[in-house]
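Heads up, the thing below is written out as structure tokens.
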Amino acid sequence: MAEGHTITIEQGTQHVRAVHEGQVLADSHRPLILRETGCPPRYYIPPQDVRLDLLTPSDTHTYCPFKGTASYWSLPDAEDLVWSYPEPKPDVAQIKDHLCFYNVDVL
């Protein structure tokens, strides 16, 4: 990690949902909560709690020097709505294959 930059991950028990235009895309009581310097908390949801049948893999990939290379998924009307780290860096290995949405509802 860069000096002053931190990432923490904790097992959450909050009920979180990702909804797009009224359709529930994810519903979980077991998100991982990732807190990173300079970023809002992000909820990484196990793939078993995500409607993967509604998502299409995207050609988009981004690189984070702290987490690794992210892969993205889209809906027909929402490009790159979801991302995950299939091969995360060792310091954040817990998030492997969990999916993250830009917006979730914490219930």
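Everything numeric in this text was worked out from a predicted model, so none of it was measured.
- Judged purely by distance below 3.5 Å, without hydrogens or angles, the side chains of Thr6 and Thr37 pair a donor atom with an acceptor atom.
- Between Lys96 and Glu87, at least one side-chain nitrogen of the basic residue sits less than 4.0 Å from a carboxylate oxygen of the acidic one, meeting the salt-bridge criterion.
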* After noting the C-alpha distance and the side-chain angles of Asp105 and His15, does the key distance pass the side-chain hydrogen bond (donor to acceptor under 3.5 Å, both in side chains) rule? -> CA-CA 8 Å; Asp105 297 321; His15 183 194; over 6 Å; no
* Please test Leu99 against Leu52 for side chain to side chain contact (heavy atoms under 4.5 Å, CB included), starting from the C-alpha separation and ending with a verdict. => CA-CA 10 Å; Leu99 292 100; Leu52 295 171; 4.0 Å; yes
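- Counted by atom type alone, Asp77 and His20 present one or more donor-acceptor pairs between their side chains at under 3.5 Å.
- In terms of heavy atoms, Pro41 sits closest to Ile33 at CB-CG2, 4.3 Å.
- Across Val24 and Leu54, no two heavy atoms sit closer than the pair O-CD1, 4.3 Å.
- Between Phe101 and Trp83, the gap from one ring centroid to the other reaches at least 6.0 Å.
- Under a 3.5 Å cut-off, the side chain of Gln11 and the backbone N or O of Arg30 do form a donor-acceptor pair.
- A salt bridge is absent between Lys89 and Asp91: the closest approach of a Lys/Arg side-chain nitrogen to an acidic carboxylate oxygen does not fall below 4.0 angstrom.
- Partner of Tyr72 under the side-chain contact (heavy atoms from CB on, under 4.5 Å) criterion, out of Leu55, Asp80, Asp59: Asp80 alone.
- For the residue pair Pro86 and Ser71, the shortest heavy atom distance occurs at CG-OG, 3.6 Å.
- A donor-acceptor contact shorter than 3.5 Å is absent between the side chain of Arg42 and the backbone of Glu36.
- Pairing each heavy atom of Thr69 with each of Tyr85, the nearest pair is O-CD2, 3.5 Å.
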